[in-house]
Asker: 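Sharing a structure here in structure tokens format.
Reminder, nothing fancy here: chain letters follow the sequence lines and each chain counts from 1.
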Amino acid sequence: MTVCGLAVLGVLGLIVYELMRGSGLSWHAFGFKFFSGSDWDPVNEHFGALPFIYGTLVSSLLALVIAVPLAVGVAVFTTEMCPKALRGPLSFFVELLAAIPSVIYGMWAMFVLVPILSQYVQPFLAKTLGWTGLFEGTPYGFGMLAAGIILAIMIIPIISSITREVLMVVPQHQREGVLALGATRWEMIRMGVLRNARAGIMGGIILGLGRALGETMAVTMVIGNRPEISKSLFASGYTMASVLANEFSEATGDVYLSALVEIGLALFLVTIVVNALARLLVWTVTRGQAVRGHA
Amino acid sequence: MPELAPTFAGPHAVPPISLRRRITDHVMTGAAIATVVLVLVPLIAIFAYLVYRGIGSINWAFLTQTPKPVGEAGGGMANAIVGSGLILGIASLIGVPFGIGAGIYLAEFGHNRLGSVVRFTADVLNGVPSIVIGIVAYSIVVLYQRHFSALAGGVALAIMMVPTISRTTEEMLLLVPQALREAAYGLGIPRWRTTLSITLRTATSGVITGVMLAFARVAGETAPLLFTAFGNQYWSLRYDQPTAALPLQIYTYALSAYDDWHRQAWAGSLVLIILIVAAVSAVRYVVRRGTFGAA
């Protein structure tokens with residue numbers, strides 16, 4: 001049994017070892033410039049990962065901006081306001097979202113979301129908010145905005161199920177205390193519940209961020225896959241996970257392959273840090289009880 | 001609203017809740033309900049669209065034939081369905097014993113420093129992007145075998161199963177009452193025997209549920225199979241050959257330019273969801289009946 005326990009450590013070690021070994025060539029060739037260069041040129045073997053890092057960060061942050069208010073709202077509704085009969089089915093439905101494979105999300109986004117975006121949403125955004133510079137260019141549908149929205153739909157269940165767990169750990173007498181002071185229900189939720197659960201909710205959000213950073217299929221199918229950095233959310237982008245999905249099995253040449261593995265290593269390190277942070281935050285609230293219901 | 005406010009008039013009256021606070025309360029309640037609606041709309045849209053497109057596309061040919069050459073209508077995904085089964089079988093063979101073993105270790109022997117490290121590692125491993133695990137499986141299996149194979153895909157999915165299985169197994173074992181273990185020790189049964197025949201047996205249904213959750217989670221994974229199992233247009237039942245998988249086939253067909261392939265991608269998605277749900281509920285049903293029979 002101890003062997004199996006150690007195997008878990010071994011697997012993590014193996015991942016780190018293989019990624020470092022595989023990316024050595026690229027690391028020696030480009031050093032830190034790999035992360036600041038925006039040139040991705042397999043023909044001349046010149047590699048810079050900045051467009052991918054940018055794409056990953058922007059699409060994930062966009063997803064958080066959309067998902068966090070919705071997810072926290074759903075969690076608050078199910079724990080504090082919802083009639084008991086509705087509570088079970090509602091959380092079941094939201095968790096059902098987590099069971100859908102990401103390739104199916106991607107396909108739905110391609111065939112349903114993207115046309116809606118390009119026909120209705122993007123022209124509207126361009127007309128009303130075009131002056132910000134965030135919504136410029138041809139409304140193809142495919143691009144950063146579509147990726148952010150589909151990611152948001154995918155991470156809402158994670159954030160909301162963890163937020164719900166954390167809200168349920170807040171002691172009942174907190175709520176009663178605030179209500180007894182004459183608070184309305186919303187004031188009770190704001191002062192008595194949300195304030196106490198801050199750290200845990202933050203943990204859930206960061207866990208959702210971790211998922212969004214590493215999400216591959218759905219994003220690859222709608223983001224447009226062009227390594228460019230553009231301020232507009234209508235423009236195509238590329239993420240670290242997507243470039244791996246598209247180019248890894250076709251990479252010719254050792255340096256090319258090595259550069260891709262280095263992107264993998266960077267993605268791995270970022271998600272490790274993000275996840276460790278999230279776990280610690282959730283643990284401080286639930287005091288080490290295992291948090292269930294997340295992906 | 002001539003409700004309570006006037007009757008409380010008196011020297012010790014509680015001042016009525018101001019209009020502004022009451023409005024805020026109502027607005028926030030409305031906002032929470034709105035978030036629930038906003039989250040449920042895409043969920044229902046995805047499911048409805050999936051069923052709508054899928055049901056019209058599943059037919060006998062789809063389930064029994066292999067893909068037709070590019071551009072020709074007809075054909076099916078029979079080889080991908082079987083290939084998915086093969087890859088998942090390999091993944092379960094490797095991942096389930098290690099996962100359960102690690103879970104037993106954590107629950108029965110892991111109340112020390114090493115245990116906490118393993119626990120934390122498993123949680124962090126859970127958040128590693130699946131595409132990164134694909135890279136690792138590529139470099140430890142594909143590079144040695146010198147070609148893509150079902151085995152490589154199985155290893156990638158097995159790595160993803162271990163953390164989920166070990167954490168749920170641990171939780172389930174911890175639910176077994178301590179008295180049961182002590183009773184076994186009192187009868188002079190050695191510790192390893194107690195763990196296997198008493199504790200694990202009592203927790204069987206919970207452990208299997210955890211295994212099924214892990215199974216359902218990896219069954220729809222596409223990213224780690226892209227450069228491990230790789231896909232195949234023909235039948236292959238060999239562990240060391242490139243193998244078709246349902247999620248891979250869905251991905252390829254969804255990105256293609258042919259309407260007939262899009263149709264098949266939807267059919268494949270519906271089959272995938274049905275298989276996942278069916279596998280999980282079948283095992284749950286059998287396990288529940290089994291434990292009732294034994295009790």
Side-chain angles (χ1 to χ4, degrees), chain A residues 1-5 7-9 11-12 14-15 18-19 22 69-70 73-74 76-77 81 90 93-94 96-97 99-108 110 112 153 156 182 184-187 207 210-211 213-214 216-217 221 241 244-245 248-249 261 264 267-268 271-272 275-276 279 290 295, chain B residues 14 17 21-22 24-25 28-29 31-33 35-36 38-40 42-43 45-46 49-50 98 101-102 104-106 109-110 117-118 120-125 127-132 135-136 139-140 159 162 166-167 171 216-217 220 222-223 226-227 230 247 250-251 254-255 265 269 272 276:
Chain A
M1 297 310 148
T2 317
V3 174
C4 290
V8 174
L9 293 181
V11 166
L12 191 69
L14 189 72
I15 294 177
E18 286 296 341
L19 289 175
L70 294 178
V74 169
V76 165
F77 182 79
M81 301 171 173
L90 201 59
F93 265 123
V94 173
L96 212 57
L97 271 173
I100 303 177
S102 77
V103 67
I104 295 181
Y105 277 110
M107 202 161 48
W108 180 79
M110 268 176 76
V112 181
I153 295 177
I156 281 173
T184 62
R185 181 164 64 179
W186 164 245
E187 285 160 346
L207 219 51
R211 174 79 188 273
L213 291 172
T216 313
M217 303 318 295
M221 290 164 95
L244 290 173
F248 195 84
S249 56
V261 177
L267 184 60
F268 171 74
T271 46
I272 287 281
N275 273 296
R279 297 285 171 194
Chain B
V14 179
I17 294 174
R21 287 173 60 203
R22 262 186 295 169
T24 315
D25 186 46
M28 292 318 287
T29 309
I33 294 172
T35 62
V36 175
L38 271 175
V39 169
L40 284 182
L43 169 78
I46 290 174
Y49 198 72
L50 175 65
F98 270 108
I104 294 174
Y105 167 76
L106 287 177
F109 311 99
V117 173
V118 171
F120 196 72
T121 310
D123 276 350
V124 168
L125 213 51
V128 174
S130 55
I131 189 119
V132 172
I135 297 180
V136 174
S139 41
I140 60 177
I159 293 177
V162 168
S166 60
R167 292 294 269 137
E171 268 177 52
R217 187 184 158 215
T222 317
L226 285 170
F227 31 85
F230 195 68
I250 294 170
Y251 177 61
L255 290 183
S269 306
L272 184 60
I276 291 174

Asker: Among the options B:P129, B:P247, B:S166, pick out the one with the most heavy-atom pairs lying under 4.5 Å from chain A.
Answerer: B:P129

Asker: Do A:E18 and B:I140 make a side-chain contact, defined as non-hydrogen atoms from C-beta onward lying under 4.5 Å apart?
Answerer: yes

Asker: Heavy-atom distances under 4.5 Å only: say whether A:A245 touches chain B with side chain, backbone, both or neither.
Answerer: both

Asker: Please classify the contact between B:A223 and chain A as side chain, backbone, both or neither, with a heavy-atom cut-off of under 4.5 Å.
Answerer: both

Asker: Is the backbone N or O of B:V124 less than 3.5 Å from a side-chain atom of A:N275, with the two atoms forming a donor-acceptor pair by type?
Answerer: no

Asker: Please tell me if the side chains of A:M221 and B:Y251 come closer than 4.5 Å, counting only heavy atoms from C-beta onward.
Answerer: yes

Asker: Among B:L40, B:L272, B:L50, B:V39, which residue has the highest count of heavy-atom pairs closer than 4.5 Å to chain A?
Answerer: B:V39

Asker: Measure the shortest side-chain to side-chain distance between B:L106 and A:V8 over non-hydrogen atoms and say whether it is less than 4.5 angstrom.
Answerer: no

Asker: How far does OG of B:S269 sit from CD1 of A:I100, to the nearest 0.5 angstrom?
Answerer: 10.5 Å

Asker: Where does B:A216 contact chain A at under 4.5 Å (heavy atoms): side chain, backbone, both or neither?
Answerer: neither

Asker: Flag yes if more than 12 heavy atoms outside B:F98 fall under 6.0 Å of its CZ atom; otherwise flag no.
Answerer: no

Asker: Could you look at B:I159 and say if it's the side chain, the backbone, both or neither that has a heavy atom under 4.5 Å from chain A?
Answerer: side chain

Asker: Is it the side chain or the backbone of A:I156 that comes within 4.5 Å of chain B heavy atoms, both, or neither?
Answerer: side chain

Asker: Please evaluate residues A:Y105 and B:I46 with respect to the criterion side-chain contact (heavy atoms from CB on, under 4.5 Å), reporting the C-alpha separation (whole Å), side-chain torsions for both, the decisive distance (0.1 Å), and the verdict.
Answerer: CA-CA 8 Å; A:Y105 277 110; B:I46 290 174; 3.6 Å; yes

Asker: Compare every heavy atom of B:P42 with every heavy atom of A:I153, then report the nearest pair and how far apart it is.
Answerer: CD1-CB, 3.8 Å

Asker: Please report the C-alpha distance between A:T271 and B:V132 in whole Å, then the side-chain angles of each, then the deciding distance to 0.1 Å, and finally whether the side-chain contact (heavy atoms from CB on, under 4.5 Å) criterion is met.
Answerer: CA-CA 10 Å; A:T271 46; B:V132 172; over 6 Å; no

Asker: Do B:T35 and A:V76 have side-chain heavy atoms sitting under 4.5 Å apart?
Answerer: no

Asker: From A:L14 CG over to B:S139 OG, what is the distance, rounded to the nearest 0.5 angstrom?
Answerer: 7.5 Å

Asker: Given that the side chain runs from C-beta out, which part of B:Y49 has a heavy atom under 4.5 Å from chain A: side chain, backbone, both or neither?
Answerer: side chain

Asker: Indicate the atoms forming the closest heavy-atom contact of A:T184 with B:R21, along with that distance.
Answerer: N-NH2, 3.9 Å

Asker: Quick one, A:F248 and B:I135 - any side-chain contact, counting heavy atoms below 4.5 Å?
Answerer: yes

Asker: Under 4.5 Å, counting heavy-atom pairs only, tell me which of A:P69, A:G214, A:P101, A:G264 racks up the most with chain B.
Answerer: A:P101

Asker: Measuring heavy-atom distances to chain B, does A:L12 have an atom under 4.5 Å in its side chain, in its backbone, in both, or in neither?
Answerer: both

Asker: Quick one: do A:V11 and B:L125 satisfy side-chain contact (heavy atoms from CB on, under 4.5 Å)? Show the steps, please.
Answerer: CA-CA 9 Å; A:V11 166; B:L125 213 51; 3.9 Å; yes

Asker: Considering all heavy atoms of both residues, which atom of B:F227 and which atom of A:S249 are nearest to each other, and what is their separation?
Answerer: CB-CB, 3.9 Å

Asker: Shortest non-hydrogen contact from A:G73 to B:A32?
Answerer: O-CB, 4.1 Å

Asker: Among B:L226, B:I250, B:I131, whose side chain to side chain contact (heavy atoms under 4.5 Å, CB included) with A:M217 holds?
Answerer: B:L226

Asker: Report the option among B:V128, B:I276, B:T29 that has the most heavy-atom pairs separated by less than 4.5 Å from atoms of chain A.
Answerer: B:T29

Asker: Name the one of B:L38, B:V36, B:I33 that satisfies side chain to side chain contact (heavy atoms under 4.5 Å, CB included) with A:V74?
Answerer: B:V36

Asker: Do A:M110 and B:L255 touch side chain to side chain, with heavy atoms closer than 4.5 Å?
Answerer: yes

Asker: If every non-hydrogen atom of A:M81 is compared with every non-hydrogen atom of B:M28, which pair is closest and at what distance?
Answerer: CE-O, 4.4 Å

